[in-house]
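Structure first, commentary second.
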Amino acid sequence: MIVYEYPFNERIRTLLRLEDLYEKFKFFVQQEHAMQHHVALATIFDMLEVAGRADLKSDLLQELERQKQSLLSYRSNPNVAADMLDAVLAELETVSTSLVATQGKTGQNVRDNEWLMSIRGRTIIPGGACEFDLPSYHAWQQRPAQQRYDDISAWFAPLAPLFDALALVLRLLRDSGGPVKMIAIAGSYQQMLQGKVYQMLRLTLDETSGAIPEISANKYMLWVRFTTQGGDLKPKPLEDDVPFELTLCNF
C-alpha cells in the first residue's frame with residue numbers, strides 16, 4: 001500500500017517538509033562514504049532553510065501544550081486506557097522540556113560556524129564544493145567515516161529537540177483520524193467538507209493499481225483525480241474505478 005499525504009495549510013506543509021528532510025538526513029548520515037556524508041551535511045543546510053521561521057519553535061510548544069491539556073481531559077473517561085494515556089502525556093512533557101531548553105534561533109550553532117557557512121555558500125552553486133574551491137572541506141571528507149559521523153551528529157544535535165517535537169505532533173495528527181473506504185468513480189472523487197477545518201488528508205491505495213492521486217482541497221471541498229503514467233510519458237487521467245482509503249486528520 002502507498003500512502004499519500006496532503007497538508008491543508010502552510011504550517012503542516014512546513015512540518016511535512018522538515019520530516020522528509022529528517023528521514024533523508026538519518027539515512028545518509030548512517031552511511032560511510034564521503035559523498036553520502038556530504039548529502040547529510042547539505043540536508044542540514046536545507047533544514048535550516050525550511051525551519052528558518054522564527055515562530056516554528058513556539059508553534060510546536062503551543063501545540064504540544066494544547067495536546068497535553070486535551071489528553072488530560074480524558075483522565076476521567078473509563079473507556080480510555082490509563083497506562084497508554086500516561087505514557088503519551090509523559091512523552092509530551094519530555095519533548096516539551098527538551099524543546100524549551102534549546103537556546104537561540106533554530107540552527108544558530110551552524111550559522112555561527114564560519115567554516116560550515118562557507119561550505120553552505122558553495123553548495124548552493126552547482127558543483128561549487130569541489131576540492132579546488134574548498135580544500136579544507138575536501139580534507140575533512142578524507143577523514144575516517146566515524147569521525148565524519150561524529151562531527152555531523154554534533155552539528156545536528158541542537159536541532160534534535162525540534163525534530164522530536166515535530167515527529168510527536170505529526171504522529172498525534174495522523175492518529176487523530178480513522179480511515180474510510182472510498183471508490184473514485186471513473187478515477188474521480190469529490191467530497192464536500194462544509195467548512196469543517198482539517199489539518200491533513202491521508203490517502204492509501206494499492207500500489208499495484210498504478211493509480212496516482214492528484215489532490216486539491218480547501219475547507220469547503222476536496223477533490224481527488226487519479227492519473228496513470230507509463231515510462232517517461234506525461235501522466236494521463238485514469239478512467240477506471242479506483243478503491244482507496246481516505247483519512248481526514250485534525251487535532
Side-chain angles (χ1 to χ4, degrees), residues 1-30 40 43-74 80-81 84-102 105-107 156-180 193 196-205 207 213 215-219 222 224 244-251:
M1 305 297 283
I2 302 179
V3 178
Y4 294 87
E5 295 183 329
Y6 182 86
F8 277 73
N9 54 63
E10 191 62 32
R11 177 166 162 259
I12 301 301
R13 183 175 288 109
T14 298
L15 297 185
L16 289 175
R17 283 177 173 156
L18 284 169
E19 180 187 53
D20 183 73
L21 288 170
Y22 185 43
E23 291 300 317
K24 178 181 176 182
F25 169 78
K26 286 192 297 183
F27 173 80
F28 282 103
V29 77
Q30 294 292 338
T43 303
I44 292 180
F45 298 149
D46 290 342
M47 290 173 179
L48 297 185
E49 285 292 326
V50 179
R53 296 192 311 125
D55 58 347
L56 180 59
K57 176 181 172 181
S58 60
D59 277 355
L60 287 170
L61 285 171
Q62 288 175 14
E63 188 56 50
L64 291 170
E65 181 60 27
R66 199 171 71 83
Q67 290 298 316
K68 179 181 175 181
Q69 296 304 320
S70 176
L71 290 173
L72 283 171
S73 67
Y74 288 103
V80 175
M84 293 181 64
L85 179 60
D86 288 342
V88 176
L89 286 169
E91 188 177 2
L92 281 165
E93 185 65 31
T94 300
V95 170
S96 296
T97 301
S98 296
L99 187 56
V100 168
T102 58
K105 189 176 180 181
T106 301
F156 175 78
L159 291 168
L162 180 82
F163 283 90
D164 289 341
L166 179 153
L168 180 54
V169 166
L170 286 178
R171 193 183 87 207
L172 293 172
L173 177 59
R174 288 174 176 128
D175 290 345
S176 68
V180 179
L193 300 180
K196 186 171 181 181
V197 177
Y198 292 99
Q199 303 287 331
M200 183 170 66
L201 174 158
R202 286 169 58 83
L203 188 153
T204 307
L205 73 160
E207 59 184 291
I215 304 168
S216 60
N218 54 42
K219 63 182 179 179
L222 71 87
V224 183
F244 65 97
E245 288 187 351
L246 179 68
T247 306
L248 293 171
C249 305
N250 191 32
F251 290 123

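Values reported hereafter were calculated over all heavy atoms of this structure, with side chains retained and with hydrogens, waters and symmetry mates removed.
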Distance flag, aromatic centroids of Phe156 and Tyr22, threshold under 6.0 Å
yes
Determine whether Val224 and Leu246 make a side-chain contact, defined as any pair of heavy atoms from C-beta on separated by less than 4.5 Å.
no
Euclidean distance, Glu19 CD relative to Glu5 CD, rounded to 0.5 Å:
6.5 Å
To the nearest 0.5 Å, how far apart are CE in Met84 and CG in Leu89?
12.0 Å
In Å, rounded to the nearest 0.5 Å, how long is the span from OG1 of Thr102 to NZ of Lys57?
3.0 Å
Within the 4.5 Å heavy-atom criterion, are Leu170 and Leu16 side-chain neighbours or not?
yes
Does any part of the side chain of Leu60, heavy atoms only, come nearer than 4.5 Å to the side chain of Leu99, both counted from C-beta?
yes
Do Thr94 and Asp164 come close enough that some side-chain heavy atom pair is under 4.5 Å?
no
Side chains of Leu56 and Val50 in contact at under 4.5 Å (non-hydrogen atoms):
no
Would you say Asn250's side chain and Val197's backbone share a donor-acceptor pair under 3.5 angstrom?
yes
Might you point out which heavy atoms bring Pro179 and Glu245 nearest each other, and give the distance in Å?
CB-OE1, 3.6 Å
Is the closest side-chain heavy-atom distance between Thr43 and Val29 below 4.5 Å?
no
Looking only at heavy atoms, the pair that brings Ser96 and Leu61 closest together is O-CD2, 3.8 Å
Nearest atoms (heavy-atom pairs only) where Met1 meets Glu207
N-OE2, 3.7 Å
Determine whether Thr97 and Val100 satisfy the following criterion, side chain to side chain contact (heavy atoms under 4.5 Å, CB included), listing intermediate values before the conclusion.
CA-CA 5 Å; Thr97 301; Val100 168; 5.8 Å; no
Rounded to the nearest 0.5 Å, the CG atom of Leu15 sits from the CZ atom of Phe163 at a distance of 10.0 Å
When every non-hydrogen atom of Ser98 is compared with those of Pro161, the smallest separation belongs to O-CB, 3.8 Å
Which heavy atom in Met47 sits nearest to a heavy atom in Leu18, and how many Å separate them?
O-CD2, 3.8 Å
Going from CG on Leu203 to CG on Leu248, what distance comes out if it is rounded to the nearest 0.5 angstrom?
10.0 Å
Checking side chain to side chain contact (heavy atoms under 4.5 Å, CB included) for the pair Phe8/Leu193: CA distance, chi angles, key distance, verdict?
CA-CA 12 Å; Phe8 277 73; Leu193 300 180; 3.9 Å; yes
List the steps, then state whether side chain to side chain contact (heavy atoms under 4.5 Å, CB included) holds for Met200 with Arg174.
CA-CA 8 Å; Met200 183 170 66; Arg174 288 174 176 128; 3.6 Å; yes
Under 4.5 Å between any side-chain heavy atoms of Ile12 and Leu173, yes or no?
yes
Interatomic spacing from OG1 in Thr204 to CD1 in Ile2 - rounded to 0.5 Å
10.0 Å
Heavy-atom nearest pair, Ala51 first then Leu162, reads CB-CD2, 4.3 Å
Kindly indicate, with the supporting measurements, whether the criterion side chain to side chain contact (heavy atoms under 4.5 Å, CB included) is fulfilled by Phe25 and Asp46.
CA-CA 10 Å; Phe25 169 78; Asp46 290 342; over 6 Å; no
Note, Thr14 side chain near Asp59 side chain (heavy atom, < 4.5 Å)
no
